Amino acid sequence: MDTLHIYNTLSREKEKFEPIKEGFVGIYVCGPTVYGDPHLGHAKSYVSFDVVIRYLRYLDYRVRYVQNITDVGHLTDDADQGEDKLEKQAAIEKLEPMEIAEKYTYNYFRDMDALGVQRPDISPRATGHIIEQIEMVKKLLENGHAYETDGNVYFDVSSDEDYGKLSGRDIDEQESGSRIETASDKRSPEDFALWKKADDGHIMKWPSPWGMGYPGWHVECSAMSTKYLGEHFDIHGGGMDNQFPHHECEIAQSKGAHNKPFANYWMHNNMVTLEGQKMGKSLGNAISLHQFFSGDHELLSRAWDPQIIRFFLLQSHYRSTTDFSEDALSGAENGLRSLQEMVQTIDQADPENAGDTSYDLESLRSSLESKLNDDFNTAQAIAVLFEELKAIRKDINSGKIPANIEEISLFLHDFVDGVLGLWPQEEQSLGADDKTEQLIELLIDFRNKARHEKNFELSDAIRDRLEEMGIKLMDGPEGTDFKIEN
RNA sequence: GGCGACGUGGCCGAGUGGUCAGGCAGAGGUCUGCAAAACCUCCUACGGCGGUUCGAUCCCGCCCGUCGCCUCCA
């Protein structure tokens, strides 16, 4: 595709992307509820949207990326009588709810940073926007979309004829399913809470026109997206599990409060599964990212570099489920290393020795762009990279460095680093400073001397001992090269 | 029960009405003192049964299986 197309959950089709304001994109993505460490499922979501943001910027859009931090308001079971998740975790850890929020917010960014996920431009906290949420509830009451009963305010779903459109639900049929328990003071079972009255035991509560209470689950995203992106903006994203009811409710609230369309494009990433089961905090089968990075989990045999996780996720499409296994991760690791070695070979090729023939960079560029233009198909873009970079490396290895090697290298920085975030990491991490390198060179010299004297016992011993230390020697026609591995 | 999605070679995973994904693993070969790397070649799959079609993995129907949402969740 020659222009960006995005699969829009609203229409169930890929649509040509046209921003509201030429050259600018406002995007909101549902962020985490900070009462536990982020896990692989969060990684899938935020790595996916990270590439979306990076690619939009690569296309020269000015992007404002807003992703909330939910530090209040989500409940453990039934919306009407549950316990705040943060409060519950606070009780377990014997901390203030806000300590829980801070702790897990830090952990969230720590792990996302490790994955190379660029930070949002704005990370608004729900508790920092209580006033905005109250204002929104007021507007909904004024507009006749909500009603108050004894300190609780509910959204009147029957007042919104589009309710159910995003998730493809028919409200009338929903009722017959009747797994929804009707709270005594709701007019209709599918009405959802905008503001809840807090009982005495509730710690996180605020004064409001309806008495002491706390916001319902969905208002925060409507209030904060409106505040930072406007009443009508371009893209709203999140996990598929939030499609209903969360996003449906957001749409109903925002449209009801402003009498305007809300987000134009709705993007939903699919789930990560573990042995075929959805990985989720509440299911207790989630492996946290920190556990991946440290290897400290009974299902893991070793630690996994964050970049491997990132590459693993980008090898599948964001709208497909990703089934996790260590075998798959291990395959991803080898693939990533091989891709990065190609990138490095190209990046380090000496332009001084370039030949007369140019590589068709425009063709590579347009081919990669066409893959990402097709609803961010990172899996195909990566396949193109493998094929094309292999061809370039082949030329370099056979001494035919393309004349435009510098442009190729610049482009790879833009794309492999800038868009995919998969640039090879610095090798110095092991401490390969100048002295170390000189020592390795010295050993290589001695080893090659031994080889010339056909003393292979000694030369192989040097090679083996170095390999034990993670230093790999490779004999080529131009001499011996070495590589330091973790 | 309602709504939705998926089922691709040893593994992961794109995609398409008629050549080819790609990666990992594996096999053979070139090169090399050996090894590694690199390069070449091979492994040619689309849950089952029908239908549409000159032709279907891709379209339609049914069946089987798996999963998601309908409750907080990325």
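So you know, we letter chains A, B, ... as the sequences are listed, proteins then strands, and number each from 1. Since we're looking at a predicted model, the values are computed, not measured.
Counting any heavy atom pair closer than 4.0 Å across all strands shown, A:D460 reaches a base atom. If you check every strand for non-hydrogen atoms under 4.0 Å, A:L385 touches nothing. Within 4.0 Å (heavy atoms only), A:S398 reaches no atom of the nucleic acid at all. Within the 4.0 angstrom heavy-atom criterion, no nucleotide atom of any strand lies near A:G237. Among the protein residues, A:H39 comes within range of the nucleic acid bases, having at least one heavy atom under 4.0 Å from a base atom.
Among the nucleotides B:C12, B:C34, B:A14, the one closest to any side-chain atom of A:A379 is B:A14. Distance from the side chain of A:F244 is smallest to B:C70 among B:A74, B:C70, B:G22. The nucleotide whose nearest atom lies closest to any side-chain atom of A:A383 is, among B:A21, B:A14, B:G68, B:A21. Distance from the side chain of A:S459 is smallest for B:G33 among the nucleotides B:A74, B:G33, B:A35. The side chain of A:M271 lies closest to B:A74, out of B:C24, B:C34, B:A74. The side chain of A:Q380 lies closest to B:A14 when the candidates are B:A74, B:A14, B:G33. The side chain of A:T33 lies closest to B:A74, out of B:A74, B:A25, B:C70. Here the nucleotide nearest the side chain of A:K390, chosen from B:A74, B:A14, B:G23, is B:G23. For A:N397, counting side-chain heavy atoms from C-beta on, the closest listed nucleotide (B:A38, B:C12, B:G22) is B:A38. Checking B:A74, B:G23, B:C34 against the side-chain heavy atoms of A:D475 singles out B:C34 as nearest.
The 5' end of RNA chain B is approached more closely, in terms of each residue's nearest nucleotide, by A:G331 than by the other of A:G331 and A:L473.
In the interface, the side chain of A:D323 is not paired with the base of B:C12 through any donor and acceptor atom under 3.5 Å apart. For B:G68, its base never sits under 3.5 Å from the side chain of A:N270 at any donor and acceptor pair. Between the side chain of A:R169 and the base of B:C70, no donor-acceptor pair of N or O atoms lies under 3.5 Å.
A:F292 has its ring centre less than 6.0 Å from the ring centre of A:F324.
Salt-bridge formation is not detected for the pair A:E248/A:R169: no Lys NZ or Arg NE/NH1/NH2 atom is positioned less than 4.0 Å from an Asp or Glu carboxylate oxygen. Salt bridge A:E333/A:R302: present, at least one basic N to carboxylate O contact under 4.0 Å. A salt bridge is absent between A:D199 and A:K205: the closest approach of a Lys/Arg side-chain nitrogen to an acidic carboxylate oxygen does not fall below 4.0 angstrom.
Remark: the separation of the C1' atoms in B:C59 and B:G18 is 15 Å, to the nearest Å. Nucleotides B:C20 and B:G1 are separated by 41 Å at their P atoms, to the nearest Å. Separation of the P atoms belonging to B:U57 and B:G48 is 10 Å when rounded to the nearest angstrom. For the C1' atoms, the distance linking B:G22 with B:G50 amounts to 34 Å, nearest Å. Distance noted for atom P between B:A35 and B:A27: 14 Å (whole Å). B:U52 and B:A38: their C1' atoms are spaced 50 Å apart (whole Å). B:G28 and B:U66 are spaced 38 Å apart, taking the C1' atom of each and rounding to whole Å. As rounded to the nearest Å, B:U8 and B:U44 have C1' atoms that lie 12 Å from one another.
Both stacking criteria are satisfied for A:F456 over the base of B:G33: a centre-to-centre distance under 5.5 angstrom and an angle between ring planes under 30 degrees.
By the ring pair (Phe, Tyr, Trp, His ring centres under 6.0 Å) test, A:Y265 is found to be paired with A:F17, residues two or more places apart in sequence or in another chain being considered.
Put simply, the side chain of A:W206 reaches to within 4.5 Å of the side chain of A:V72, judged on heavy atoms.
Atom CZ of A:R12 and atom P of B:A5 are 7 Å apart (whole Å).
Within the structure, every pair that satisfies the side chain to side chain donor-acceptor pair (under 3.5 Å) test and touches residues 375-388 of chain A, not counting sequence neighbours, is listed here: A:H317-A:D375, A:Y318-A:D375, A:R319-A:D375, A:Y359-A:E388, A:K371-A:Q380.
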Open item on the list: Dot-bracket, 5' to 3', for RNA chain B please: Watson-Crick or G-U pairs under 3.5 Å, [ ] where pairs cross earlier ones, | where the partner sits on another strand, dots elsewhere.
Closed with: (((((((..(((.....[...))).(((((.......)))))....(((((..]....))))))))))))....

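A donor-acceptor pair is defined here as one N or O able to donate and one able to accept, closer than 3.5 Å; such a pair exists between the side chain of A:N285 and the backbone of A:G280.
When the shell of 6.0 Å around CZ of A:F456 is examined, it contains more than 12 heavy atoms from other residues, nucleotides or ligands.
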